[in-house]
Number of protein chains: 2
Amino acid sequence: MTARPFTPALDILKQAKLRPTRQRLALTRILFGRGHRHVSAEQLHGEALAANVRVSLATVYNTLHQLNRLSLLREVVVEPGRSYFDTNMADHHHFYFEDHARLEDIPAERVILSALPEPPAGTRVRRVDVVVRVGSDKD
Amino acid sequence: MTARPFTPALDILKQAKLRPTRQRLALTRILFGRGHRHVSAEQLHGEALAANVRVSLATVYNTLHQLNRLSLLREVVVEPGRSYFDTNMADHHHFYFEDHARLEDIPAERVILSALPEPPAGTRVRRVDVVVRVGSDKD
DNA sequence: GTGATTGCAAATCTTTTGCACTAAA
DNA sequence: TTTAGTGCAAAAGATTTGCAATCAC
């Protein structure tokens, strides 16, 4: 039993055809090593440094954008001036805690969109984002 | 007939208890004078200057945030690094044209959310945003 | 008058870029 | 080797801030 629950970072990068450099390996491990995450670039950079991995912020951005482009990650925009990157690529939505600037997944099946408009002529739907913005009870 | 279709800027500001300064009057007129708008701060500033209204960008931001706080406006975040302000406060949603960085309203009745999760304990739902991201057909 | 509002310029914050250096294949 | 990847520091954008000057009441 006890099969390895996550794809090793090396395999992820190989499949993505990205060179498994020391930095990318470390970042990939942090991102995909332990369940799903919502991180900002700054956060990820901080975690890497905390784990004694020397990486520049520029490389963190490069890596995040590469993973995003390859659909291993998705960028979630809920706040002006800061992006979050979500490692959960399954169809799902988000709670956004405005008071704490924190995201939390809502499984796809808990949101039922029983009607959506046709996309305007010449366009197709790339994604439908549902963000449930929540805040403290008392105000 | 031909009743005035929009609330005059002066009345809007009075109701909001904001001093009707020259700048605020002009911005309010641009924002609410002719149907609903989706504008960035930079855009609004440009339109004001084009209309020969001397306003600083700082004042544009001040005013937008004041109107947002007073619920005369709502900030829509769909893209990292730029905010849009939507003068339509009716319940509705948005198309976002990724290729043109443009927003378009979707009337509330065209999106049916027939299931939504309970907000986590201690929180209440402030808003539910649905963004349908569309792009060109051909790619 | 006097307190709110404004403008300006500087500061801040996130993200991007240019380019010389380093490392994977 | 050869070319992708990295780090650094500078640049770019959007937004915010501090404070003296100005305006509405």
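The structure displayed is predicted, hence computed values, not measured ones. Letters A, B, ... mirror the listed sequences (proteins, then strands); counts begin at 1.
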**Study point:** Among A:Glu75, A:Glu79, A:Gln43, side-chain hydrogen bond (donor to acceptor under 3.5 Å, both in side chains) partner for A:Tyr84
**Key:** A:Glu79
Point to revise | Option among B:Arg110, B:His92, B:His36 that satisfies the side-chain hydrogen bond (donor to acceptor under 3.5 Å, both in side chains) test with B:Asp105 | key: B:His92
Exercise for review: Apply side chain to side chain donor-acceptor pair (under 3.5 Å) to B:Glu42 and list each qualifying residue two or more places apart in sequence or on a separate chain.
Suggested key: none
Review point. Closest heavy-atom contact between B:Leu13 and B:Pro20?
Key: CD1-CA, 3.8 Å
Revision key, fill the gap. Nearest heavy-atom approach of B:Leu27 to B:Ala48 is CD2-CB, 4.1 Å
Practice item. Enter the distance from A:Leu113:CG to B:Ser114:OG here, rounded to the nearest 0.5 Å. Key: 7.5 Å
Revision key, fill the gap. From the list B:Val53, B:Val60, B:Val39, side chain to side chain contact (heavy atoms under 4.5 Å, CB included) with B:Glu47 holds only for B:Val39
Give the rounded distance in Å between these two atoms: [atom1] of [X] and [atom2] of [N].
X       : N      : atom1 : atom2 : result
B:Glu42 : D:dT16 : CD    : P     : 13 Å
A:Lys14 : C:dA25 : NZ    : C1'   : 12 Å
B:Leu44 : D:dT15 : CG    : P     : 12 Å
B:Leu13 : D:dC23 : CG    : P     : 18 Å
B:Arg69 : D:dT16 : CZ    : C1'   : 13 Å
B:Glu79 : D:dT15 : CD    : P     : 10 Å

Exercise for review: Using a heavy-atom cut-off of under 4.0 Å over every strand shown, decide if B:Ser83 touches base, sugar-phosphate, or nothing.
Suggested key: sugar-phosphate
**Study point:** Listed partners of B:Arg102 passing side-chain contact (heavy atoms from CB on, under 4.5 Å), at least two apart
**Key:** B:Phe97, B:His100, B:Glu104
Review point. Should B:Glu98 and A:Arg127 count as an ion pair when the cut-off is N to O under 4.0 Å?
Key: no
Practice item. Kindly work out whether a path of hydrophobic side-chain contacts (I/L/V/M/F/W/Y, heavy atoms less than 4.5 Å apart) joins A:Val132 to B:Val131. Key: no
Review point. Is there a donor in the side chain of B:Arg24 and an acceptor in the side chain of B:Gln66, or the other way round, less than 3.5 Å apart?
Key: yes
**Study point:** Bend angle of the helix from C:dG1-D:dC25 to C:dA25-D:dT1, end axes from five pairs each (to 10°)
**Key:** 30°
**Study point:** Residues from residues 50-66 of chain B lying under 4.0 Å of DNA chain C - heavy atoms
**Key:** B:Arg54, B:Val55, B:Ser56, B:Ala58, B:Thr59
Review point. In residues 16-33 of chain A, what residues come within less than 4.0 Å of DNA chain C, judged by heavy atoms?
Key: A:Arg19, A:Pro20
Review point. Under a 4.5 Å cut-off applied to non-hydrogen side-chain atoms, are A:Val78 and A:Asp129 in contact?
Key: no
Check your understanding: After noting the C-alpha distance and the side-chain angles of A:Asp86 and A:Arg37, does the key distance pass the salt bridge (Lys or Arg N to Asp or Glu O under 4.0 Å) rule?
Key -> CA-CA 6 Å; A:Asp86 184 352; A:Arg37 312 273 327 254; over 6 Å; no
Can you check nucleotides 11-13 of chain D for protein contacts, nitrogen or oxygen pairs under 3.5 Å, and list what you find?
none

